[in-house]
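For clarity, every value in this text was computed on a predicted model and none was experimentally measured. Note that these values count all heavy atoms, side chains included, but never hydrogens, waters or copies made by symmetry. Each chain gets a letter, A, B and so on, in the order its sequence line appears, and its residues count up from 1.
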There are 2 protein chains.
Amino acid sequence: MSVALQEVRPVAKRALRTEAPAAVSAPDFCRTCALSSACAMVGYGLPELSPLYRLMEHLGPYRAGDAVFHQGDVFEAVYAVRSGAVKTRQLDKDGHEHVLGFYLPGEVIGLDAIYPAQFPCDAIALEDAQFCRFSFPAMSLLATRQPAVQKHLFRLIGQRLGMRQLLSGDYSADERMAAFLVDLGDRYAARGFSATQFRLGMSRGDIASYLCLAAETVSRTLSRFRSQGLIVLRGRALVLQQPETLRALGKNLLAD
Amino acid sequence: MSVALQEVRPVAKRALRTEAPAAVSAPDFCRTCALSSACAMVGYGLPELSPLYRLMEHLGPYRAGDAVFHQGDVFEAVYAVRSGAVKTRQLDKDGHEHVLGFYLPGEVIGLDAIYPAQFPCDAIALEDAQFCRFSFPAMSLLATRQPAVQKHLFRLIGQRLGMRQLLSGDYSADERMAAFLVDLGDRYAARGFSATQFRLGMSRGDIASYLCLAAETVSRTLSRFRSQGLIVLRGRALVLQQPETLRALGKNLLAD
DNA sequence: TTGCGGATTTGATGCCGGTCAATCGCGGGT
DNA sequence: ACCCGCGATTGACCGGCATCAAATCCGCAA
């Protein structure tokens, strides 16, 4: 069975180095990264950008359970996932965990720390993972010189905002679960993987926290989806058998 | 009894006109506006900004129930509330309304439309209201030349993002309601009004939709808060009698 | 002032999903 | 291969909030 999350690793090993501006031969990973446009601005021989050459650096590998940054850390950079999978989570004042999001290769973590300039959450690797770290001051500066980068940043932030708004409605467990699965599939597809076969990198408890449900409800809902033939599920390996039925179920939570 | 929302109107009538760059005599309203820094960049005699003189224009007055913009409209501008109060709402694919937010004088609407460049919601005046409209392309351009404006924009967007994340947790009706009241008070205070005495400009149904509760639950919760001495409520006129108790109740939903 | 319609409050009832608890299954380490 | 332990599943039960319904309040206009 396909294991999408793991297929990324070999590719990521030959990812772009800022010191080696191998423009044309940028690896597959970078082509699908959400920050590729900012990245492309670096190392393409624009003299006025030379102070920004150190905009990006590589981080990792991290092991499952490691934190990339912690709640309360000063915000100095955003992170693009190069390989692996990550969750962000908040500990509330009573110590309860709330998962804010999951991030796949090519996606960007940390944008919600712009205000108030410190991270509102921990970022925890769900499996072995690597990252590209982008200094945010440097990126802001780049944005003032390259309107395309500024536009891209606005876009990335706005995207997260829209997603959050949807999740804050009052929806049933079925709607949330269906939308979650379809959204994951769509995001895998956007990064070049299968939209219907992938591995859930996170525990049932993480999913539950993200969707504001109990872990038992997640489990029950998935079991029912399976008995209805909507999905095939063995452990964390998932196949969406009827993605359009699921999409219809979650339509109010999905953009478009 | 103090009626904060209405006290804004007389002030707003002498608000800044772009055609009359009366720098020093900017009225009280502009001093507390969330976009004042961007506004201040305009009309302060910086020659290189001359093409941006038309960045801002006045809109209104609108009547209660009027829409400032509609779901699906192309995103070309953001709007600062000059007077009155506004809600933004989304109609889902089944036609059910979901209130996304309420906006007081000095606050900014429309930032969540940056991506995908169209408004995800209607903006509806809750009472008579006036606005300042800021062309977003012009403001983006200004941001590339004035890093302070760019920073401010990032900050405003990030602020909304943080607020959304909180509301998407699973909290009880009491927590949501208490946090809602305290947040409103804090926001009035930030704009120079009383933090403990104000008028609820929106219906119970609007509050319910915003907090993902039923209107009856909102009513019952408020009644209980009243019987516990936490608030005094007559119709839509509200006094927070024990703001710190309320703040403690809603602590997990409130920033800081 | 009176009368109307919508908003709000209050009550009765039911359901979805949370909680508690027991069992099962799988993966890792020895 | 065999445990061991945590994650996942399944069942039983319960509670908070939605829903349905009815009464009351309030603003507005004639």
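- Across the protein-nucleic acid pair, B:Arg63 atom CZ and D:dC28 atom C1' stand 14 Å apart, rounded to whole Å.
- Both A:Ala214 and B:Gly235 lie close to DNA chain C; mapped to their nearest nucleotides by heavy-atom distance, the more 5′-ward contact belongs to B:Gly235.
- When heavy atoms are screened at a 4.0 angstrom cut-off, A:Ser203 is found touching the sugar-phosphate backbone but no base atom.
- B:Tyr171 places its OH atom 17 Å from the C1' atom of C:dG18, with the value rounded to the nearest Å.
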Open item on the list: One pair to check against side-chain contact (heavy atoms from CB on, under 4.5 Å): B:Arg224 and B:Leu230. What are the steps and the verdict?
Closed with: CA-CA 9 Å; B:Arg224 190 156 31 74; B:Leu230 301 180; over 6 Å; no

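- If you take CG of B:Leu233 and P of C:dA7, they are 17 Å apart, rounded to a whole angstrom.
- Nucleic acid contact for A:Leu213: sugar-phosphate only, since backbone atoms but no base atoms lie under 4.0 Å from a heavy atom of the residue.
- Between B:Tyr79 and B:Phe119, the angle of the ring planes lies from 30° to 60°, which puts this pair in the tilted group.
- With rounding to whole Å, A:Glu216 atom CD is found 17 Å from D:dG15 atom P.
- Spacing between atom CE of A:Met177 and atom P of C:dC16 amounts to 19 Å, rounded to whole angstrom units.
- Picking from D:dC26, C:dC26, D:dG7 the nucleotide with the shortest atom distance to the side chain of B:Arg234 gives D:dC26.
- Nearest-nucleotide mapping onto DNA chain D: of A:Arg220 and A:Asp170, the residue sitting toward the 5' end is A:Arg220.
- Comparing B:Val218 and A:Val218 against DNA chain D, the residue whose closest nucleotide sits nearer the 5' end is A:Val218.
- When rounded to the nearest whole Å, the span between CZ of A:Arg204 and P of D:dT9 equals 4 Å.
- Proximity of A:Thr217 to the phosphate of C:dC16: no side-chain N or O atom is located under 4.0 Å from OP1 or OP2.
- Atom CG in A:Asp206 sits about 16 Å away from atom P in D:dC6, given to the nearest Å.
- Nearest to the side chain of B:Arg236, among C:dG17, C:dT8, D:dG7, sits C:dT8.
- B:Lys251 and A:Asp92 are not joined by a salt bridge, as no carboxylate oxygen comes within less than 4.0 angstrom of a charged side-chain nitrogen.
- Between A:Arg199 and A:Glu127 there is no salt bridge, since no side-chain N of the basic residue sits under 4.0 Å from a carboxylate O of the acidic one.
- Between the P atom of C:dT9 and the CG atom of B:Leu200 lies a distance of 10 Å, rounded to the nearest Å.
- A distance of 6.0 Å or more separates the ring centres of A:Phe193 and A:Phe198.
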